[in-house]
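All remarks here apply to the structure that follows.
Just so you know, ligand 1 is whichever comes first in the structure, and atom 1 is the first atom listed for that ligand. Atom set for the values below is all heavy atoms of this structure, side chains included, hydrogens, waters and symmetry mates excluded.
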Amino acid sequence: MTANLYPKSTSFGYVTKKMKSFYDAIKLNKMTKHSTRMALAGNPNAGKTTLFNQLTGARQHVGNYPGITVDHKEGFFSHDSKDISITDLPGTYSLTAYSVEEVVTRDFLTSQKPDVVINIVDASNIERNLYLTTQFLEMGVPLVIALNMMDVAKDRGIEVRHEKLSELLGIPVLPIIARSGEGCDELISKAIEIAESDFSWQPRDISYGEDLDESLLEIVREIQGKPFLEADYPPRFTAIKYLEHDDEMIRKGQVADSGLADKLEKIVSKVSDHLQKTTEAYPEAIIADHRYGFIKSIVRQGVLAHKFDTDRLYTSDKIDKVLTNRLLGPVIMLAILFGLYQFTFSWSELPVSWMEGLFGWFGGVVEATLPDGMLKSMIISGVIDGVGGVLGFVPLIMFMFFGIAVLEDSGYLARVAFMMDRVFHLFGLHGSSVMPFIVSGGIAGGCAVPGVMATRTLRSPKERMATLLTVPFMNCGAKVPVLVLLIGAFFAEHKALYMFLFTILAWFVALVAAKFLRMTVLRGEATPFVMELPPYRFPTLRGLFIHTWERTWQYIKKAGTVILGISILLWALMTFPGLPQTSQDQFETARAQVTANFSQQPDLLKTELIRISQEQSAATLKNSIAGKIGSFFEPASSLAGFDWRTNIAMLGGFAAKEVIISTLGTVYSMGEVDAEDAGSLGDRLVKDPNWNRVVAVSALIFIMFYAPCFVTVVCIAKESSWNWAFFSMAFNTIFAFLGAVAVFQIGSLF
Ligand code: GDP
Ligand code: MG
């Protein structure tokens with residue numbers, strides 16, 4: 001940072017002279033040797049100067065430097081026979097370079113690296129003051145909070161529980177009255193303790209919502225390991241400042257590595273555009289919202305108690321009084337969840353049937369136009385019945401995503417997380433685990449891959465591991481069509497109810513599994529939780545449509561690429577090597593025989609011929625590679641009620657869960673000959689003797705809980721290790737299988 005001592009050019013050109021003398025002053029200080037160097041920082045009027053005078057008293061011999069209007073003093077004193085130098089930094093509300101004071105404060109911290117920063121917080125105005133604190137936390141400086149003006153707070157009937165605040169923030173908080181000197185000795189003792197401890201201060205991560213968190217990770221990935229500003233700031237801090245359009249940081253970035261800086265600026269403008277389109281807000285505003293949310297949630301967890309109600313209630317707080325009420329809140333939450341499913345199923349029923357009709361018609365056209373053979377079989381069984389089965393649910397997925405977008409954009413999802421915290425704690429998980437669960441499909445239709453990545457906001461490695469291993473239990477977007485198919489086929493009268501019940505079951509199982517992990521392989525302390533509560537926003541229609549479409553498009557794209565590829569591969573596995581010549585001849589002989597026998601009765605002849613063709617396709621399937629694998633597992637899988645055909649689908653599901661649908665589509669269409677009266681896949685399953693309600697529930701249990709899909713497994717490995725990734729596959733599959741067997745065995749008794 002020596003380059004910074006005399007910045008040649010800054011975006012604050014007009015203060016260059018002032019800043020130069022300021023840096024001269026700092027240089028002076030650096031040359032004077034003192035055992036402990038402290039810095040006082042805080043909002044204007046928080047009481048920095050009062051504390052500074054209180055501490056340095058008569059021994060204060062360095063006043064304001066000439067030529068600096070930016071408030072800056074330093075003094076010396078001793079405490080417990082230790083020499084201490086202390087700097088009174090200019091008052092600021094933030095650490096983003098929007099003003100001279102902010103730049104000066106930030107540069108002082110990085111260039112001088114004081115042994116400890118005393119952050120003065122005005123106890124009578126705590127929420128506003130903690131805004132700056134969040135940024136010190138993100139910067140990872142050694143920090144002690146001096147909770148000043150305790151007398152003022154008391155007079156106003158505000159009780160601040162400093163132990164609770166300290167516990168939630170994870171840093172010492174000492175109450176003081178700077179004017180009378182009360183508590184100052186304890187404060188300095190603590191500050192010395194922190195300054196001398198060799199505890200390594202880690203920056204604390206605050207979540208800024210899905211969109212920004214993703215960009216933050218992207219930027220951090222770019223700058224990690226490169227010398228890009230890293231000596232001065234933690235990578236995430238730099239990333240946040242980039243998103244806040246911090247001119248000073250952007251300028252420094254350009255000086256350090258202009259190629260990389262351009263890249264980062266591109267990431268920033270991409271997410272800015274996106275946020276503009278979806279929420280009509282700039283990243284700065286969203287970041288500020290989340291910081292206040294973070295603070296509000298800390299304060300709400302028992303830090304502040306008002307003896308008399310002097311505070312005005314803001315609209316968001318008023319709404320929260322009802323929506324996050326201890327008793328009413330959870331009831332409303334469940335009602336909203338149920339309402340979402342009801343809405344999704346009832347509104348999508350008609351368009352889903354149109355899609356089915358469309359693919360049926362399409363199959364009919366191919367049937368009529370293409371000559372019999374491999375190509376026709378591949379297009380009908382592999383592509384149309386496979387991918388078509390997945391695409392058929394697009395309208396439903398769209399309605400569901402729309403509903404979720406409403407919950408998300410309005411800020412309600414954050415409340416869900418807030419309420420779930422209490423429940424999560426009981427199961428050894430952390431409040432920050434809730435969002436990864438929701439992202440993974442906690443309500444329906446997410447994805448475990450971003451869910452697994454979202455666990456990065458968890459600071460305790462064991463809580464993170466437990467979360468990472470259980471998020472794949474949620475009903476991700478790939479499982480939804482499978483659930484919808486089976487629920488639609490076997491529980492058609494109560495679709496929304498069953499969807500609701502299976503969602504609750506997913507949470508319950510995930511939590512129990514987490515508890516199990518936390519009691520065995522991942523045993524350890526629970527850490528306190530701070531959940532951000534951003535203010536409620538009225539969703540914009542444009543934002544809702546964009547969010548809905550983005551996710552729906554992801555679903556369609558995956559169906560058209562990955563799922564298409566796997567479907568064709570599985571079709572091939574289900575087709576080859578084909579029947580041996582001898583048994584093909586047998587079927588030919590049988591055909592010749594019935595043709596001769598029923599030549600006088602054309603109707604009967606047709607039925608008989610279809611029966612023979614069906615038997616032949618079934619025999620071909622059974623003799624195929626996939627068929628053999630499916631049959632190999634049948635002795636075990638029959639304990640859970642799955643026949644060899646279902647096994648093929650489940651095996652396909654290891655690649656991606658949508659493949660279960662496309663494979664069932666292929667498996668059950670290959671046994672069929674007459675495409676026209678075949679009906680939908682759901683109808684075929686209902687008619688199949690090997691399927692019934694008990695099998696459907698058992699299959700759903702297995703599908704919901706067995707090994708995560710391939711991409712998720714790779715992601716788990718990347719976030720932890722391959723050992724854990726394999727553990728997750730084995731643990732989940734065994735667990736799911738035992739569950740399915742239990743359901744089938746018990747269910748079959750009735
Ligand atoms: P700075 O801007 O952070 O340097 O704040 P000052 O030290 O100038 O203090 C602002 C005002 O708050 C002054 O009028 C102080 O006398 C007053 N003040 C500071 N600490 C306390 C305190 O603990 N109790 C009370 N009642 N007033 C205080
Ligand atoms: Mg002052």
Would you call Arg106-Asp246 a salt bridge at under 4.0 Å N-O?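 Yes, charged N to carboxylate O under 4.0 Å.
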
Hey, are His290 and Ser207 close enough side-chain-wise for a donor-acceptor pair under 3.5 Å?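 There is no such pair between these side chains.
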
Is [X] near ligand 1, meaning one of its heavy atoms is under 4.0 Å from it?
X: Pro44; result: yes
X: Asn43; result: yes
X: Gly42; result: no

Ligand 1 atoms nearer than 4.0 angstrom to some heavy atom of Val152 are 25 (C), 26 (N)

Numbered atoms and elements of ligand 1 in range of Lys48, under 4.0 angstrom, heavy atoms: 1 (P), 2 (O), 3 (O), 4 (O), 5 (O), 7 (O)

From the candidates Lys154, Arg179, Glu182, the one that places a heavy atom nearest atom 27 (N) of ligand 1: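 Going through Lys154, Arg179, Glu182 one by one, Arg179 has the nearest heavy atom to atom 27 (N) of ligand 1.
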
Would you please name every residue forming a salt bridge (charged side-chain N to carboxylate O under 4.0 Å, His left out) with Glu193, sequence neighbours left out?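 Result, salt bridge (charged side-chain N to carboxylate O under 4.0 Å, His left out) vs Glu193: Lys190.
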
Does Ala46 reach ligand 1 with a nitrogen or oxygen that is under 3.5 Å from one of the ligand's nitrogen or oxygen atoms? yes

Near-ring test Tyr536/Tyr412, centroid separation under 6.0 angstrom: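 No.
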
Step through it carefully: locate the ring centre of Tyr93, locate the ring centre of Tyr131, and say whether they are under 6.0 Å apart.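 No: the rings miss the under 6.0 Å criterion.
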
Among residues at least two apart in sequence or on other chains, which ones pass side chain to side chain contact (heavy atoms under 4.5 Å, CB included) with Lys462?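 If we apply the side chain to side chain contact (heavy atoms under 4.5 Å, CB included) test to Lys462, skipping adjacent residues, the hits are Ser460, Arg518, Leu522.
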
For Glu138, run the salt bridge (Lys or Arg N to Asp or Glu O under 4.0 Å) check against Lys241, Arg236, Arg291 and tell me which one passes.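 Of the listed residues Lys241, Arg236, Arg291, the salt bridge (Lys or Arg N to Asp or Glu O under 4.0 Å) partner of Glu138 is Arg291.
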
One residue to check: Ile177. Relative to ligand 1, which of side chain, backbone, both or neither has a non-hydrogen atom less than 4.0 Å away?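 Both the backbone and the side chain of Ile177 come within reach of ligand 1.
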
Measure Asn45 to ligand 1 on non-hydrogen atoms and call it side chain, backbone, both or neither using the 4.0 Å cut-off.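 Under 4.0 Å from ligand 1, Asn45 contributes backbone and side-chain atoms.
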
